[in-house]
Protein chains: 2
Amino acid sequence: MSRAYNFSAGPAVLPEPVLRQVQAELLEWRDERASVMEVSHRGKAFVECAAEAERDLRELMAVPDDYHVLFLQGGATTLSALLALNLARADQTADFVLTGHWGEKALDNMKPSLQVNVAASGKAGGYTGIPPRGDWALTPGAAFLHYTPNETIHGVEFHDIPDAGDVPLVADVSSNFLSAPLDVSRFGVLYGGAQKNLGPSGLAIAIVRKDLLGRHGRELPPIFELLNQAKNDSMFNTPPTFAWYVLGLVLKWLRAEGGAAAMGERNRRKAANLYAAIDGSGGFYRNPVDPAARSWMNVPFFLPDEAREKAFLKEADAAGLLGLKGHRAVGGIRASIYNAMPEAGVQALVDFMADFARRNG
Amino acid sequence: MSRAYNFSAGPAVLPEPVLRQVQAELLEWRDERASVMEVSHRGKAFVECAAEAERDLRELMAVPDDYHVLFLQGGATTLSALLALNLARADQTADFVLTGHWGEKALDNMKPSLQVNVAASGKAGGYTGIPPRGDWALTPGAAFLHYTPNETIHGVEFHDIPDAGDVPLVADVSSNFLSAPLDVSRFGVLYGGAQKNLGPSGLAIAIVRKDLLGRHGRELPPIFELLNQAKNDSMFNTPPTFAWYVLGLVLKWLRAEGGAAAMGERNRRKAANLYAAIDGSGGFYRNPVDPAARSWMNVPFFLPDEAREKAFLKEADAAGLLGLKGHRAVGGIRASIYNAMPEAGVQALVDFMADFARRNG
């Protein structure tokens with residue numbers, strides 16, 4: 001075995017016990033005499049597996065009964081386009097608070113389907129913090145307020161939930177799904193791709209307050225109508241069965257590890273360790289984000305110059321620390337430290353950083 | 001090992017050598033020191049894997065250079081909705097020839113986005129054949145003509161390509177992808193979900209004549225704009241990486257087995273064997289489809305009464321012949337005998353059928 005610590009932003013590290021179980025039962029799943037990839041999504045075994053995953057997710061996130069939990073094709077970008085069609089009439093306005101790239105992308109994909117208002121944007125500040133609440137230009141009676149609680153590229157995270165009054169909050173939680181406890185009842189919709197904190201790519205989750213669906217007044221293709229998925233236990237069409245199954249195993253692993261509360265504690269420690277290494281490096285490593293808005297999941301940082309960043313990435317890779325290259329939009333280094341990244345992985349990175357700084361400072 | 005012969009309609013049987021390779025390299029893929037599920041879709045290794053799959057698909061199907069090959073999220077139903085938005089203006093008409101359930105479903109999902117004309121339908125005849133060509137009420141200058149070359153539920157298949165003149169043919173080939181040689185240049189679009197002949201569920205393929213994209217005049221969410229996927233090697237967003245990887249392995253298996261020509265021969269023999277067993281049963285087994293339109297992929301058949309169908313399914317399952325229950329829309333038995341179903345599996349079914357008929361005739 002030469003598995004390394006994988007800091008990729010997504011697709012990302014999965015819990016090793018989950019991968020071992022997938023491997024062990026890949027050719028014969030349960031009593032099916034076939035791979036989980038080969039069985040009908042309408043067969044008893046897979047329907048049970050799918051329902052288990054929904055039950056576990058509801059329990060882990062304490063999802064109230066008046067919310068649908070949908071397992072859908074695609075990722076957050078596809079879902080943002082679908083949510084715009086499903087949550088509002090074309091003449092209604094949605095507000096956006098932008099704190100990074102993914103908020104912009106959601107706006108781009110929602111804009112053709114409704115009226116949009118950028119209530120606040122951190123762009124002018126290089127997405128290094130959250131625009132002050134008092135400056136948000138919210139639309140009275142907006143259909144919803146969209147934001148991205150954790151921005152993976154710039155490493156900006158909300159550590160509380162904005163108060164939007166009666167306007168439903170719609171939040172892309174792709175990169176912080178189940179990374180800490182979250183009060184689902186404060187949201188209209190929580191949605192995201194699975195491939196960062198929950199499973200493989202190709203599956204997206206939407207947790208939707210039931211009263212928000214079916215009021216858009218549009219004639220949609222039935223496959224775009226989320227109410228059809230809600231009425232059919234997310235099997236209105238053939239779902240991505242393998243990804244759903246793996247996500248179910250990840251949820252069982254999360255339960256065994258102590259759930260959202262334990263993850264929150266562990267992720268807080270991991271992030272604190274890494275930011276302390278950056279801030280304690282005497283300026284050799286630098287993270288530009290407002291400390292109050294620093295992400296626990298994605299930690300971007302910079303070295304004094306690009307030559308040393310390049311050397312850092314090369315040596316880190318050789319030392320078994322993978323996927324650390326920053327997003328091309330911002331450059332530098334980025335460590336994604338999702339739920340499945342163990343504390344030992346972060347410690348290995350911190351140790352490497354100290355050694356590299358000593359040799360190159 | 002107690003893997004059985006799996007006649008499921010989809011998700012469906014995969015080649016066992018493919019599953020064994022997936023299993024062997026599940027925790028460490030190539031030199032990545034991580035699972036294929038865990039690596040970035042933008043990393044060198046996965047980009048190579050993705051490009052290999054496209055090259056192999058192009059070679060296996062002899063796809064001309066003026067066609068895009070797109071690897072997309074979702075299944076055929078999602079794609080049908082997207083194709084309606086991408087291939088025509090809202091005021092243009094698309095013609096439909098309906099030979100079963102999936103053609104109807106494509107119509108339902110395209111209808112909200114353009115004008116539709118049902119040029120021909122086999123519904124009145126219970127979808128047991130292809131409406132005579134002379135009776136098709138085609139629209140001059142239609143944006144495209146949509147049909148479903150193989151209908152999995154009713155077991156109706158076109159064994160030649162309809163002539164639509166200059167009107168582009170758009171065909172859902174989910175269930176007969178690479179089941180036999182096909183002249184791609186006769187089509188505007190070939191599309192389908194992977195989960196029957198090509199791989200796991202959660203991935204769809206579209207082979208699109210390049211000049212057909214970008215002329216719809218709509219303002220679409222960028223994620224719905226197929227031209228964006230075409231320009232970004234199907235990585236406009238995070239693709240379903242694991243499904244793409246497995247599909248790549250299936251394509252390599254298909255090449256090793258002799259490609260579309262060899263598959264066509266093998267599938268013809270498998271279907272001939274099974275239909276001979278039905279037709280030679282003295283009426284105990286019955287397939288209602290016009291012999292000229294019988295499917296090589298999905299063979300539905302009926303016993304004299306439901307009680308014996310129930311017994312048949314139970315005993316077949318115990319004999320290691322799985323997934324034979326007919327679709328709820330038609331009942332009875334259905335054997336799906338896609339590329340990965342070996343001839344020995346069909347022979348085992350044929351032997352079982354003879355024995356069951358002897359004991360229950």
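What you see is a predicted model; the values in this text were computed from it and never measured. Each chain gets a letter, A, B and so on, in the order its sequence line appears, and its residues count up from 1.
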Side-chain donor or acceptor of [X] paired with backbone N/O of [Y] under 3.5 Å:
{"X": "A:Arg33", "Y": "B:Asp317", "value": "yes"}
{"X": "A:Gln73", "Y": "B:Gln73", "value": "no"}
{"X": "B:Ser40", "Y": "A:Ser8", "value": "no"}
{"X": "B:Glu38", "Y": "A:Asn6", "value": "no"}

Given a strict heavy-atom distance threshold of 4.5 Å, which part of [X] is in contact with chain B: side chain, backbone, both, or neither?
{"X": "A:Arg218", "answer": "neither"}
{"X": "A:Ala24", "answer": "backbone"}
{"X": "A:Val13", "answer": "both"}
{"X": "A:Leu14", "answer": "both"}
{"X": "A:Ala243", "answer": "neither"}
{"X": "A:Leu220", "answer": "backbone"}
{"X": "A:Gln195", "answer": "side chain"}

Can you find a pair of side-chain heavy atoms, one from [X] and one from [Y], that are under 4.5 Å apart?
{"X": "B:Ser2", "Y": "A:Glu28", "value": "yes"}
{"X": "A:Met37", "Y": "B:Leu19", "value": "yes"}
{"X": "A:Thr241", "Y": "B:Pro200", "value": "no"}

If we define contacts as heavy-atom pairs under 4.5 Å, which of [options] has the most with chain B?
{"options": "A:Ser113, A:Ala12, A:Ala340", "result": "A:Ala12"}
{"options": "A:Ala76, A:Ala81, A:Pro222, A:Gly199", "result": "A:Pro222"}
{"options": "A:Pro112, A:Gly320, A:Ala84, A:Pro240", "result": "A:Pro112"}

Q: Using a heavy-atom cutoff of under 4.5 Å, enumerate the residues of residues 323-338 of chain A that contact chain B, numbered in order, or state 'none'.
A: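 Interface residues of residues 323-338 of chain A: A:Arg328.
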Nearest 0.5 Å, please: how far is [atom2] in [Y] from [atom1] in [X]?
{"X": "A:Phe242", "Y": "B:Leu203", "atom1": "CZ", "atom2": "CG", "value": "13.5 Å"}
{"X": "B:Leu26", "Y": "A:Arg20", "atom1": "CG", "atom2": "CZ", "value": "10.0 Å"}
{"X": "A:Ile223", "Y": "B:Thr77", "atom1": "CD1", "atom2": "OG1", "value": "5.0 Å"}

Q. Does atom CG of A:Asp31 have more than 12 heavy-atom neighbours from other groups under 6.0 Å away?
A.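 No, not enclosed.
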**Q.** Contact leader toward chain A among B:Gly75, B:Ser35, B:Gly10, where contacts are heavy-atom pairs under 4.5 Å
**A.**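 Of the options given, most contacts go to B:Ser35.
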Q) Among B:Ala34, B:Pro221, B:Gly202, which has the most heavy-atom pairs under 4.5 Å with chain A? A)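 The answer is B:Pro221.
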Q | Lys/Arg-Asp/Glu bridge criterion (N-O < 4.0 Å) met for A:Arg3, B:Glu32 | A |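 A salt bridge is absent here (no side-chain N lies under 4.0 Å from a carboxylate O).
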